[in-house]
*Asks:* 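Dropping a structure here in structure tokens format, bear with me for questions.
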Amino acid sequence: VFDEDAAVRTCGMSGRGLICVIREAGEERMIGVYNFSAEDQQASVFPGEKGEDMLRGESVALDCLDVAAHDFRWIKQKKK
């Protein structure tokens, strides 16, 4: 998903100051959720789905992803 030919798109977020970038290549998807606000926020990207946090190595639910103020989360998952 970090290849230069990966498909890239953004998706709308309900939180103020949140942006989501999705990269897809083959059967893999990388979801980057970025919080540019001064407050912790919760993002819902793919309700009912899970992924693995690439930096923390933990399984996370993609319908209630906690993103700290001025921070980001990188999540990888296999596409369905």
Side-chain angles (χ1 to χ4, degrees):
V1 291
F2 288 105
D3 295 337
E4 62 185 36
D5 61 344
V8 179
R9 63 186 167 103
T10 60
C11 63
M13 303 262 74
S14 60
R16 187 166 166 81
L18 287 176
I19 187 169
C20 177
V21 177
I22 300 170
R23 297 180 59 86
E24 297 177 319
E27 297 301 313
E28 291 188 312
R29 175 185 291 150
M30 190 284 275
I31 304 151
V33 180
Y34 303 86
N35 182 359
F36 291 98
S37 77
E39 304 199 6
D40 296 350
Q41 296 201 52
Q42 205 171 60
S44 179
V45 185
F46 292 106
E49 294 186 27
K50 291 187 176 226
E52 181 183 342
D53 187 300
M54 295 174 69
L55 302 175
R56 300 178 187 181
E58 62 189 22
S59 178
V60 294
L62 295 176
D63 53 358
C64 57
L65 186 63
D66 293 321
V67 187
H70 304 293
D71 203 0
F72 66 94
R73 303 286 299 269
W74 283 357
I75 311 299
K76 69 177 178 178
Q77 71 172 172
K78 295 285 184 189
K79 293 192 316 188
K80 290 186 172 193

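Keep in mind the model is a prediction, meaning the values are calculated, not measured. For the numbers below, each heavy atom of this structure counts, side chains included, while hydrogens, waters and symmetry mates do not. Residue numbers count from 1 along this sequence.
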*Asks:* What distance separates Asn35 CG from Phe72 CZ, expressed to the nearest 0.5 Å?
*Replies:*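 Atom-to-atom, Asn35:CG and Phe72:CZ are 12.0 Å apart.
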*Asks:* Determine which pairs satisfy side chain to side chain donor-acceptor pair (under 3.5 Å) with at least one residue from residues 54-72, sequence neighbours left out, and list them in order.
*Replies:*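 Listed once each, the pairs are Gln42-Asp66.
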*Asks:* Show the nearest heavy-atom pair for residues Glu52 and Gly57, with the distance to one decimal.
*Replies:*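 Closest approach of Glu52 to Gly57: OE2-CA, 4.0 Å.
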*Asks:* Treat each ILVMFWY residue as a node, draw an edge where side-chain heavy atoms are under 4.5 Å apart, and state whether Ile31 and Leu65 are in one component.
*Replies:*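 Yes: a chain of side-chain contacts under 4.5 Å links Ile31 to Leu65.
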*Asks:* So, taking the atom named CZ in Phe2 and the one named CD in Glu28, what distance separates them when rounded to the nearest 0.5 Å?
*Replies:* 9.5 Å
*Asks:* For Arg23 and Val8, work out which heavy atoms get closest and say how close.
*Replies:* NH1-CG2, 3.2 Å
*Asks:* Report whether Trp74 and Leu62 are members of the same hydrophobic cluster (ILVMFWY, side-chain heavy atoms less than 4.5 Å apart, transitive linking).
*Replies:* no
*Asks:* Check Cys20 against Met13 and note the closest heavy-atom contact, atom names and distance.
*Replies:*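 Residues Cys20 and Met13, closest heavy atoms: CB-SD, 3.7 Å.
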*Asks:* To the nearest 0.5 Å, how far apart are CZ in Phe46 and CD1 in Ile22?
*Replies:*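 Nearest 0.5 Å value for the CZ-CD1 distance: 4.0 Å.
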*Asks:* Determine, using the 4.5 Å side-chain heavy-atom cutoff (strictly less than), whether Val60 and Leu55 are members of one ILVMFWY cluster.
*Replies:*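 No, Val60 and Leu55 fall in different hydrophobic clusters.
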*Asks:* To check you understand the geometry: which heavy-atom pair defines the closest contact between Ala43 and Val33, and what is its length?
*Replies:* CB-CG1, 3.9 Å
*Asks:* Any salt bridge (charged side-chain N to carboxylate O under 4.0 Å, His left out) pairs touching residues 40-51, not counting sequence neighbours?
*Replies:* Arg29-Glu49
*Asks:* Identify the two heavy atoms, one from Cys11 and one from Val45, that lie closest to each other, and give their separation to 0.1 Å.
*Replies:* SG-CG1, 4.5 Å
*Asks:* Applying a strict under-4.5 Å side-chain criterion to I, L, V, M, F, W and Y, I'd like to know whether Val67 and Tyr34 cluster together.
*Replies:* no
*Asks:* Considering all heavy atoms of both residues, which atom of Glu24 and which atom of Lys79 are nearest to each other, and what is their separation?
*Replies:*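 Closest heavy-atom pair between Glu24 and Lys79: OE2-CD, 3.5 Å.
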*Asks:* Just jot down the side-chain hydrogen bond (donor to acceptor under 3.5 Å, both in side chains) partners of Glu39, sequence neighbours excluded, or say none.
*Replies:*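 For Glu39 there are no side-chain hydrogen bond (donor to acceptor under 3.5 Å, both in side chains) partners, ignoring immediate neighbours.
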